[in-house]
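Throughout, protein chains are lettered first and strands after them, A, B, ... in sequence-line order, and every chain is numbered starting at 1. These numbers come from a predicted model, not from an experiment. Heavy-atom basis, side chains included; hydrogens, waters and symmetry copies ignored.
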Amino acid sequence: MAARSAAAQSPDPLIVEPQPWAQGLGDGVDVTPYGLPIRFEQDVVRRNVPWLTADTISSINFTPIHALDGTITPQGCAFERHHSGAIELSKQDYRLMVNGLVDRPLVFTYADLERFPRENHVYFCECAANSGMEWAGAQLNGAQFTHGMIHNMEYTGVPLRLLLEEAGYDPAGKWVYVEGADASSNGRSIPMDKALDDVLVAFKANGEALRKEHGYPVRLVVPGWEGNLWVKWLRRIEVTDAPVESREETSKYTDTLADGSSRKWTWAMDAKSVITAPSPQSPVPHEAGPLVITGLAWSGRGAITRVDVSTDGGASWQTARLAQKGTPMALSRFYLDVQWDGTEMLLQSRAMDDTGYVQPTKTQLRAVRGLNSVYHNNGIQTWWLHADGSVENVEVS
Amino acid sequence: MAARSAAAQSPDPLIVEPQPWAQGLGDGVDVTPYGLPIRFEQDVVRRNVPWLTADTISSINFTPIHALDGTITPQGCAFERHHSGAIELSKQDYRLMVNGLVDRPLVFTYADLERFPRENHVYFCECAANSGMEWAGAQLNGAQFTHGMIHNMEYTGVPLRLLLEEAGYDPAGKWVYVEGADASSNGRSIPMDKALDDVLVAFKANGEALRKEHGYPVRLVVPGWEGNLWVKWLRRIEVTDAPVESREETSKYTDTLADGSSRKWTWAMDAKSVITAPSPQSPVPHEAGPLVITGLAWSGRGAITRVDVSTDGGASWQTARLAQKGTPMALSRFYLDVQWDGTEMLLQSRAMDDTGYVQPTKTQLRAVRGLNSVYHNNGIQTWWLHADGSVENVEVS
Amino acid sequence: APFGLGRAALPEEIAAWDVDVLPDGRGLPEGQGNVLTGEAIFTDKCAACHGDFAEGRGNWPALAGGQDMLADADPVKTVGSYWPHLSTSFDYIRRSMPYGDAGTLTADEVYALVAYILYSNDLVAEEFTLSKNNFAAVQMPNADGFLRDDRDTMELPRWQVAPCMEDCKESVNVTMRALSLDVTPKDAAPATVPQQTPVANVEPASEP
Amino acid sequence: APFGLGRAALPEEIAAWDVDVLPDGRGLPEGQGNVLTGEAIFTDKCAACHGDFAEGRGNWPALAGGQDMLADADPVKTVGSYWPHLSTSFDYIRRSMPYGDAGTLTADEVYALVAYILYSNDLVAEEFTLSKNNFAAVQMPNADGFLRDDRDTMELPRWQVAPCMEDCKESVNVTMRALSLDVTPKDAAPATVPQQTPVANVEPASEP
Ligand code: HEC
Ligand code: HEC
Ligand SMILES: [Ca+2]
Ligand SMILES: [Ca+2]
Ligand SMILES: [Ca+2]
Ligand SMILES: [Ca+2]
Ligand SMILES: [Ca+2]
Ligand SMILES: [Ca+2]
Ligand SMILES: [Co+2]
Ligand SMILES: [Co+2]
C-alpha cells in the first residue's frame, strides 16, 4: 500500500485564506432555467472524427464515456449518428402512419400517441459500427473513440405492439418496415416477433423529451439490437410479408466474412465491455497505491452477470464488482479496486451475460469473421497503462 | 370508448406535400458537442416564484415535473435550492477535511476521492419544504410549483463510511457534522448510524459531473432524508459527540406544532405522490376517450409498493400500474390508463411504501400537526379536471 | 487506515475551518462585545436587510420579535422567539453574515452583534456585554420548545393501516382553489383556465 | 381496435409515403429511363459527389467498381459489387438522393439513373433502357452473397464456455499501437503520451 501523502509543509492557502466563494454570493435560482455543465467540464463533450466520413451531416460522433461514471448517459453528450443530419420536426408537424397488412391503415398525431399506455425502461443503444475502426487494429487513442458509439437512457414510450394492434395487423405480416421523416428515411425491416415483443415507440429519454439529435419528437427503441434500427423522427410503420432489403440493411449494416459472403440481419449486439478509466483520455493522475479501475459492460441478448478484469493482458483475470445487478439490454457499471504497484499494466475487461456468452478476444473474432468486417466488433479491448500514468490503445498477442 | 377521429376530409399536406426536413439536410454531428433541448421544449425549465423569498440567491426553483415522464430527472432542469447562491469551485481548488473525534484528521483533494471504492445508486432528493406553500391551502396552480422541489438521479460516489474509517473515527462520536464551502456553509448534524449506513460523498449525477448548481465538484447524498442535508460543495466532515444545532437545524427545517412546540431532527421524507399529468400546467388536450393519468411516488423510508388513484376526490380508489418495481428512496412512476367520459374529475394519488405507510390526506396531516407547519407536507394532492380539459389545484372535503 | 489516502490536516487548517459553536459553548473564541457597539455595527452592516431594530424588512428575515406566539396562527419565528440555543446565532453570523460579505467579522464584532440582537429581543439590558464567559448564562425563551422527531410514534401507527378503496367518503366538496388566490407565476400558467367563483381565501406561506 | 385512437389514413396519404420498393419489384412506379439519359442527369446532379463514372470522389461513396473482390483485403463495396437487389437502388435514390435535395426526382429520372449506375458497373450495355417491366430481369452479381445471421450456430457455441481465470496465456506481447498510427483527433488527445517506437502499421477503416 502506498504511504499516505506527507502532511503539507505549510498550511494550504485554500483552507486558511478566505476564498471568494465562501464570502460572496453565487448564482441565483433564475440564472439557468435549463443548465449546462460547469465550464471546467468543457472537455466532456461529444467528439467526431473528421477523416471518418465525407461530411459531418452523414456522420457520427462519440459519447465521452472515458469521463462518465454510473450508467445513465445524459442526452446532451449521448452520441449521434445521422444519415442526412438532425432535422427539426415539431410535435404539431409530426405524423405517424401505420399501413400495409393491417385492417385499418391509420395516421396518428403526436397527441394521439400520448393517449396509449406507456412503459419505462432503461436500455443501451449501440451503433453496430461501435469499435468498427478497431477491426484494422488499434487505431484511435481513447475509449470515447473506440467504444463511444453507445448511450444508455431511461425511455418512456408506447409498445409498438399496441400500435400494431390498433391498426389490426394481419398475422400473415411477418415483418414490420419502419422509416423516419428525414431525407435518408433510414428504413429498416424488423421481424414481427421482435416488433411485438419489446420495441417501444418512445418520446422521452431520461425523463424529458427526446433531443432533436435523438429523433424528437418520436423514435423507435429496439432493445439490444443495433442502433441503426432505432429509427429517429419515426414517420411510418408498414406491416409486410417480406423484408424491404433497404439500403441500410444491404449496402450497410451487413458483415462481409473472409470468403466474401456476407451476413445480413445481424441485429443483436453481442456482449461487450470496455474499461473507461484508466484509458487514454483518462490517464492515472497519481502514483502507486489505491486505483479504481472502472468500465461498462452490456449485452444485446440479456443482462450482464459478471465482468472480469485482467491487468496482465489476459494471462490472468479477477472478477470485478458490478455496481448494480445487471438488467436486460442496459449498461452495467463495473469496478475493480486495486493497489497499483506503479508499474505498467495491460488492462482488459471481459463481459458475461445471462445466456452464458463470454466476450471473445479480437483474435478469436477475427478467426471466425476474417478481416473485412466493419460492424459488430465486440472483441476485448486492451489499454497499456504506463508507469507515468499515461495510457494507450494497443493490441496484444 | 370514444369513436376514432373521422378520416381527414382531404389529404393532410404534412403527408402529401414535400416537407423541408424530408428533402434537405439537418445538423451535422459537430453542431452541438453538448446539446440542449429543442426550442419547442423551452417551457420545460426550472421556474422560481419571485414572491417566495427576498432574493433569488437564497431561494429555490422547481423541477418541471408536469412535463417530465419516467423517473430520471435531467440535471439541467433539476430544482436548485441555495442559501447563498450557486458557487463556482474547481476540482483544483477543492479540499475536503475530516476532523473531530478521529484518530487522524485528514485533508483530501478531489483526486484523492476518486481513489476510494465507488457506488452507484438512484435516489430522490426532496426539499423538506416541497409542497410547503400548500400547508395554507391550495395556493400554486401547477405540479411544478406544488411538488417540484424534487429530483431523482443516479449518483456515483464514495460511501461516507469509508472516509470516516480512513480518518479512524472514534465510536464515541455519535454525530457527524457536515458543511459546505459556500458562504452559508449549510451545516447539518447527521447521526453516526445514518452516516455509516448509506450516505454517499458523490461527484457524479446521471453519469456526468455534478452541475455547479448541484454542488460541483462534490456533494453529500443522504438517501431518503430531506434535501437540506445533502450538503453541496462539501468541504468538511467533523465527528462530534453532540449535534451542532446549527441555524439550518433549529431556525429552519424544524416543524412547529399546534401547541407551539416544535419537532427537530425530522429527517426522513414521508411517503408521498402526485399526479403530474393531467395537472394545471398539463391540461388534457383531447376530448373524451383514452386518457393516461400518470405521476410520481416516493418514500424516504423505503421502496414504493403501490399507488392508488382516485378520480372522485378520494371517495373510491383504483390501484395504478407501477412502471417498474419500486426501489428504496427513489422515485417510482405510476400510470392509470382510463377511459375518460369527458366530465369533470377530482384526481388524487395515494402512495404506499414497504413499511406499510399509506400517504395521508392533508386533513389528516393538519389534525396531527396543526396549521403552522412549513415542511414535510406529504398530504394527498387534488387536481380538479374540468370538462374542457383544464385542471386546477384545489382542496376537497 | 485501509487506503492511506489524503494527508494529515495541519492544526492551522483545522482552526481555520472548524469554527462551529455548540450549544454548550464549545467552539466559542475569546472575545466580547456590548449592545451599543453591536447596534452601531448592525446599523452599518445589517440593518439594510434586517431593519434598524432587527425587525426584518420586506421578505428579509426578522431577527427580533414574535415572542410567545408560537402557538398562534402564523407565528413570527426569530432568534428571540424561536431559536433554542444562543450558540446558533454566534455560529451563523460569524460564518455567513453579512450576506454577500461573509466571514469578515471579528470575534468581538460577532459578540457585539449577538448582544444587540438579544437586546432587540428584550432579552438583555442596554448595558449588556456578551463574552465567552457569560455566553452560557443567557436564557433563550424557546430553549425547551423542541422535541425529537416523534413521527414514528405519533403518525406512523395512524398511517400504517389498510387503505380504504370504496365508499371512503360520504360526499366530496371543493373547499379551496388556487386560482382564487392567483399567486402562480404568470409565465407558467396554463393557456386556458375556466372562469369560476373563488371558494376560500388563502395566503402565501413562508419561505422554503 | 382497443383504443379507437388515430384516424383512417387516406389512399393519397398512403401513396405519398408508402414508396418502398421490394426485391420482387413490388412498389415500383410506372416509368422508364435509359443509360444516356441517366448519364446526363448523373453528371448534373450526382457526379460532384459520386464521380463522373460513379467511381466515388474522396470520402463520398463509390457506386461502381469493386466487383469480384469481396474476399480480398479491403473490398470496394458498390451497387455493382455488393448490393444483392436492384430494388434497393431505386428505393434509395428516389427517396434520399440527391443528397440535400431528396425526393425531387421523377420516376423516369430514377429509372434512368439506375440504368446509368448499372452501366457504370458494366452490368448493362450503353443502349439499355430500364423500366418497371424489365426491372426483375437484371442480374445482380452479388445476389447470392448474403446469408442470414448465423452467429447463433457459428459463434455462440465458441463463446458460451467457462472463462479462463489463470495461466490463460504463455506470454503477452504488444502487437499494435494506436499511437503509431496517430489518427486520433488532436483536441481530444491526452496531455502527455510516452515517446516510443511504432510496432505495426494500421489503417483507417471504413465509415460507420
Ligand atoms: C444583503 C442582505 C443582508 C445583510 C446585509 C445581512 N443579512 Fe442576515 N440574512 C440575509 C438573508 C437573505 C438571510 C437568510 C439566508 C438563507 O436563506 O439562508 C439572512 C439570515 C440571517 C440570520 C438568520 C435568520 C433566521 O431566521 O434564520 C441572522 C441571525 C442574520 N442574518 C444576521 C445578520 C447580521 C448580524 C448581519 C450583519 C452583520 C446581517 N445578517 C446582514 C440577508 C442579509
Ligand atoms: C452532395 C453530395 C451528394 C450528391 C450530389 C449525391 N449524393 Fe449520393 N450519397 C451521398 C452521401 C453522403 C451518401 C451516403 C449517405 C449516408 O451515409 O447515408 C450517398 C449515398 C448514395 C448511394 C448509396 C451508396 C452506398 O454505398 O450505400 C447511392 C446509390 C447514391 N448516393 C446515388 C446518388 C445519385 C443517383 C445521386 C444524384 C441523383 C446522388 N447520389 C447525389 C452524397 C451525395
Ligand atoms: Ca505518475
Ligand atoms: Ca376538451
Ligand atoms: Ca467543531
Ligand atoms: Ca400559516
Ligand atoms: Ca410498402
Ligand atoms: Ca480492412
Ligand atoms: Co448488424
Ligand atoms: Co425535517
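Between chain A and the options D/Cys49, D/Pro75, D/Ala71, D/Gly100, the largest number of non-hydrogen pairs under 4.5 Å is found for D/Ala71. When A/Ile57, A/Val396, A/Val98, A/Asp353 are compared by the number of non-hydrogen pairs under 4.5 Å with chain D, A/Val396 comes out ahead. Ranked by non-hydrogen atom pairs under 4.5 Å with chain A, the options D/Ile14, D/Asp18, D/Leu10, D/Val161 are led by D/Asp18. Ranking A/Ser189, A/Ala111, A/Pro64, A/Ala268 against chain D, the residue ahead of the rest is A/Ala268, based on heavy-atom pairs under 4.5 Å. Here A/Pro117 is the residue among A/Pro50, A/Pro117, A/Gly370 with the most heavy-atom pairs under 4.5 Å with chain D. For the set A/Met97, A/Gln359, A/Arg235, the count of heavy-atom pairs under 4.5 angstrom toward chain D peaks at A/Arg235. Comparing A/Pro105, A/Gly85, A/Gly187, A/Gly100 by how many heavy-atom pairs each has under 4.5 Å with chain D, the most go to A/Pro105. Most heavy-atom pairs under 4.5 Å with chain A, from the set D/Leu70, D/Leu22, D/Asn173: that is D/Asn173. Counting heavy-atom pairs under 4.5 Å between each of D/Trp159, D/Tyr99, D/Tyr92 and chain A puts D/Trp159 at the top. With chain D as partner, the option from A/Phe108, A/Tyr357, A/Trp265, A/Trp267 having the largest number of non-hydrogen pairs under 4.5 angstrom is A/Tyr357. Chain A forms more heavy-atom pairs under 4.5 Å with one residue of D/Glu13, D/Lys77, D/Arg151 than with any other, namely D/Arg151. Contact tally against chain A (heavy-atom pairs below 4.5 Å) for D/Asp68, D/Asp167, D/Asp150: the top residue is D/Asp150.
Contacts of D/Pro84 with chain A are made by side-chain atoms alone, with heavy-atom separations under 4.5 Å and no backbone atom involved. At a 4.5 Å heavy-atom cutoff, the contact between D/Glu166 and chain A is made by backbone and side-chain atoms alike. Neither the backbone nor the side chain of A/Leu113 comes within contact range of chain D; no heavy atoms are under 4.5 Å apart. Looking at A/Thr109, there are no atoms closer than 4.5 Å to chain D (heavy atoms on both sides), in backbone or side chain. Heavy atoms closer than 4.5 Å to chain D are found nowhere in A/Asp103, neither backbone nor side chain. Contacts between A/Val49 and chain D at a heavy-atom distance below 4.5 Å involve backbone atoms as well as side-chain atoms. For chain D, the nearby part of A/Glu238 is the side chain; its heavy atoms alone come within less than 4.5 Å. Neither the backbone nor the side chain of D/Glu170 has a heavy atom closer than 4.5 Å to any heavy atom of chain A. Interface remark: D/Arg158 contributes side-chain atoms only to the contact with chain A (heavy atom separation under 4.5 Å). Contact of A/Leu346 with chain D is made through the side chain alone, with heavy-atom distances under 4.5 Å. Using a 4.5 Å cut-off between heavy atoms, A/His376 touches chain D through its side chain atoms alone. When heavy atoms are compared at a cutoff of 4.5 Å, D/Ala102 approaches chain A solely by way of its side chain, counted from C-beta outward. Looking at A/Asp241, only its side chain comes within 4.5 Å of chain D, counting heavy atoms on both sides. Residue A/Ala258 touches chain D through its backbone alone, counting heavy-atom pairs closer than 4.5 Å. Of the atoms belonging to D/Val79, not a single heavy atom falls under 4.5 Å from chain A.
Checked by atom type and distance alone, the side chain of A/Asn130 pairs as donor or acceptor with a backbone atom of A/Met149 at under 3.5 Å.
A salt bridge is defined here as a Lys NZ or Arg NE, NH1 or NH2 lying under 4.0 Å from an Asp or Glu carboxylate O, and A/Asp112 with A/Arg95 fails to meet this definition. Between D/Arg95 and A/Glu179 there is a salt bridge, since at least one side-chain N of the basic residue sits less than 4.0 Å from a carboxylate O of the acidic one. Salt bridge absent: D/Glu109 and D/Arg94 never bring a charged side-chain N and a carboxylate O closer than 4.0 Å. Ionic pairing of D/Asp91 and A/Arg247 is not present here: no N-O contact between side-chain nitrogen and carboxylate oxygen is shorter than 4.0 angstrom. At a threshold of 4.0 Å, the pair A/Lys264-A/Glu249 does not count as salt-bridged, since none of the basic side-chain nitrogens sits closer than that to a carboxylate oxygen.
One side chain, D/Gln160 or A/Thr355, offers a donor N or O that lies under 3.5 Å from an acceptor on the other. When only modelled atom types and interatomic distance are considered, A/Thr319 and A/Asp308 share a side-chain donor-acceptor pair under 3.5 Å. In this model, no donor atom of one side chain and acceptor atom of the other lie less than 3.5 Å apart for D/Trp83 and A/Thr250. Of the N and O atoms on the side chains of A/Tyr177 and A/Asn99, not one donor lies less than 3.5 Å from an acceptor on the other residue. Between the side chains of A/Thr266 and A/Asp255, a donor-acceptor pair is found at a separation under 3.5 Å. There is a side-chain donor-acceptor pair under 3.5 Å between A/Gln281 and A/Gln144. Using modelled atom types and a 3.5 Å distance limit, the side chains of A/Ser184 and A/Asp182 yield a donor-acceptor pair.
One distance of note links OG of A/Ser58 with NE2 of A/His83; it measures 6.0 Å at 0.5 Å rounding.
The minimum heavy-atom distance between D/Gly65 and D/Thr78, with the atom names listed, is O-OG1, 2.8 Å. Across all their heavy atoms, D/Phe128 and D/Leu118 have their closest contact at CE2-CD1, 4.2 Å.
Figure legend: A/Arg350 and A/Trp317 shown as a cation-pi pair, the cationic atom lying under 6.0 angstrom from the six-membered ring centre and within 45 degrees of its axis.
Against chain A, the residues from residues 140-149 of chain D that qualify, each with a non-hydrogen atom under 4.5 angstrom away, are D/Gly145, D/Phe146, D/Leu147, D/Arg148, D/Asp149 in number order.
Between A/Phe145 and A/Phe62, a ring centre-to-centre spacing shorter than 6.0 Å is recorded. Centroid-to-centroid, the aromatic rings of A/Phe116 and D/Phe3 come within less than 6.0 Å.
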